[in-house]
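Just below is one structure, and these are the notes that go with it.
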Amino acid sequence: MSRIDDAQPFAYEFTPSRTAVVVIDMQRDFLEPGGFGETLGNDVSLLAPAIEGTARLLNAARHAGLLIIHTRECHKPDLSDCPPAKRTRGAPTLRIGDPGPMGRILIAGEPGSDIIPALAAHPGEIVIDKPGKGAFHATGLDALLRSRRITHLLFAGVTTEVCVQTTMREANDRGYECLLVEDATDSYFPAFKQAVLQMVRAQSAIVGWTASSTQIAAALSE
Ligand code: TIU
């Protein structure tokens with residue numbers, strides 16, 4: 001049993017063999033210029049700080065032998081899994097499926113949908129493509145976790161209040177004990193990140209816990 005005494009709002013205990021790291025959508029389409037995030041009008045440089053914390057988390061998790069899952073938000077080339085409401089909303093400079101500097105925007109197999117090189121999946125790690133914001137929607141994630149007897153999830157990735165928070169809430173409702181890694185997630189809206197951290201741990205961990213990648217690494221090395 002590992003334990004983070006000073007997790008918020010109170011200590012978080014987890015058994016490493018029953019714990020998975022879930023890295024949400026650390027893709028070029030969100031973190032690099034010319035991708036989906038920028039087409040929506042965002043400053044993508046705001047997500048860069050999360051790379052270091054995510055790398056620290058992955059390094060500690062790999063050494064400890066945790067199950068590691070990466071997700072990618074992307075759609076089939078024929079857009080059959082992209083609801084028109086998602087594609088047509090608002091006035092982005094490019095829409096999902098349109099050609100951009102990193103290939104077609106948010107389409108599986110295009111360079112933009114790749115995980116950024118610094119955080120690429122290692123051989124044997126699981127990569128799940130997902131059409132929604134939440135990673136449980138229209139994927140086999142829940143069945144995969146249950147087949148591995150996973151009960152605890154450590155979340156990293158982008159963006160904090162969109163895909164990360166949605167997935168964490170989906171997981172919490174499915175009975176997983178969830179922790180959001182504070183320095184391994186970022187938002188295009190820094191105030192939203194801080195709000196999510198507070199929302200998650202309020203009301204006696206109504207959605208889950210938060211702690212830093214350094215605290216997790218320390219707990220895993222004890
Ligand atoms: N726009 C935004 O903040 N996020 C997304 O569209 N997807 C994810 O968060 N991955």
Side-chain angles (χ1 to χ4, degrees), residues 21-51 54 58 68-123 125-145 153 155-171 173-174 184-190 192-193 196:
V21 169
V22 183
V23 181
I24 304 283
D25 303 354
M26 291 296 271
Q27 296 162 256
R28 299 183 66 197
D29 257 324
F30 294 106
L31 287 123
E32 294 186 13
F36 183 60
E38 192 176 77
T39 71
L40 294 172
N42 299 303
D43 173 0
V44 296
S45 71
L46 289 165
L47 304 187
I51 298 171
T54 304
L58 283 171
I68 295 173
I69 298 168
H70 306 258
T71 70
R72 300 184 294 204
E73 181 182 349
C74 56
H75 294 278
K76 295 177 181 171
D78 65 2
L79 296 176
S80 57
D81 59 357
C82 183
K86 180 174 182 179
R87 185 165 192 275
T88 59
R89 191 171 304 161
T93 53
L94 294 171
R95 293 189 188 277
I96 296 169
D98 288 350
M102 293 190 287
R104 294 178 66 200
I105 298 290
L106 222 61
I107 297 296
E110 300 286 342
S113 75
D114 277 349
I115 294 168
I116 59 168
L119 299 175
H122 283 194
E125 295 176 356
I126 293 161
V127 180
I128 292 180
D129 286 348
K130 63 182 187 55
K133 303 305 183 191
F136 287 83
H137 168 68
T139 71
L141 178 58
D142 194 40
L144 172 92
L145 295 172
L153 299 174
F155 283 101
V158 295
T159 61
T160 317
E161 82 284 7
V162 182
C163 291
V164 178
Q165 181 174 217
T166 301
T167 303
M168 194 166 172
R169 288 176 180 276
E170 289 179 321
D173 281 349
R174 285 165 174 78
T185 184
D186 268 314
S187 170
Y188 300 121
F189 304 86
F192 289 175
K193 171 181 171 175
V196 170

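Checked by atom type and distance alone, the side chain of Lys130 never pairs as donor or acceptor with a backbone atom of Leu141 at under 3.5 Å. Listed for the Thr71 side chain is no donor-acceptor partner under 3.5 Å among the backbone atoms of Ile128. A donor-acceptor pair is defined here as one N or O able to donate and one able to accept, closer than 3.5 Å; such a pair exists between the side chain of Glu110 and the backbone of Arg104. A donor-acceptor pair under 3.5 Å is absent between the side-chain atoms of Glu38 and the main chain of Pro33, judged by distance alone. A donor-acceptor pair under 3.5 Å links the side-chain atoms of Glu170 to the main chain of Ala135, judged by distance alone. Looking at His70, its side chain never comes within 3.5 Å of a backbone N or O of Val23 through a donor-acceptor pair. Looking at Lys193, its side chain does come within 3.5 Å of a backbone N or O of Thr185 through a donor-acceptor pair. Looking at Thr54, its side chain never comes within 3.5 Å of a backbone N or O of Ala156 through a donor-acceptor pair. Panel note: side chain Asp43, backbone Ser45; a donor-acceptor pair is recorded below 3.5 Å. No donor-acceptor pair under 3.5 Å is formed between the side chain of Glu161 and the backbone N or O of Phe192.
The minimum heavy-atom distance between Lys133 and Glu73, with the atom names listed, is NZ-OE2, 2.7 Å. Counting all heavy atoms, side chain and backbone alike, Val44 lies closest to Tyr188 at CA-CE2, 3.9 Å. Considering all non-hydrogen atoms of both residues, Pro92 and Arg95 come closest at CD-NH1, 3.5 Å. Here the shortest heavy-atom pairing between Leu153 and Ala171 reads CD1-CB, 3.7 Å. Residues Ala118 and Ile51 share a closest heavy-atom pair of CB-CG2, 4.2 Å. Scanning all heavy atoms of the two residues, the minimum distance from Pro131 to Ala138 falls at CG-CB, 3.9 Å.
The SG atom of Cys82 sits 12.0 Å away from the NZ atom of Lys76 when rounded to the nearest 0.5 Å. For the atom pair CG of Asp186 and CZ of Phe30, the computed distance is 14.0 Å after rounding to the nearest 0.5 Å. A distance of 12.5 Å separates CG in Asp114 from CG in Leu119, rounded to the nearest 0.5 Å. Here CD of Glu125 is found 6.5 Å from CG of Leu58. Values are rounded to the nearest 0.5 Å. Put simply, CD1 on Ile105 and OG1 on Thr39 are 5.5 Å apart, with the number rounded to the nearest 0.5 Å.
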Between Met26 and Val158, is the side chain to side chain contact (heavy atoms under 4.5 Å, CB included) condition met? List the steps.
CA-CA 6 Å; Met26 291 296 271; Val158 295; 3.6 Å; yes
Hey, mind stepping through Ile107 and Phe36 against side chain to side chain contact (heavy atoms under 4.5 Å, CB included) and telling me if it holds?
CA-CA 10 Å; Ile107 297 296; Phe36 183 60; over 6 Å; no
Report the C-alpha distance between Val162 and Asp25 in whole Å, list the side-chain angles of each, state the deciding distance to 0.1 Å, and finish with yes or no for side chain to side chain contact (heavy atoms under 4.5 Å, CB included).
CA-CA 11 Å; Val162 182; Asp25 303 354; over 6 Å; no
Quick one, Leu47 with Asn42, criterion side chain to side chain contact (heavy atoms under 4.5 Å, CB included). Give me CA distance, side-chain angles, the key distance, then yes/no.
CA-CA 10 Å; Leu47 304 187; Asn42 299 303; over 6 Å; no
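Taking the side chain to side chain contact (heavy atoms under 4.5 Å, CB included) definition, one finds that Ala108 meets it with Cys74, Asp129, sequence neighbours left out.
Heavy atoms from other residues, nucleotides or ligands lying under 6.0 Å from CZ of Arg89 number 12 at most.
A salt bridge links Asp98 with Arg87: the distance from a Lys NZ or Arg NE/NH1/NH2 to an Asp or Glu carboxylate oxygen falls below 4.0 Å. Under 4.0 Å is where a charged nitrogen must lie from a carboxylate oxygen, and between Asp29 and Arg72 no such pair does.
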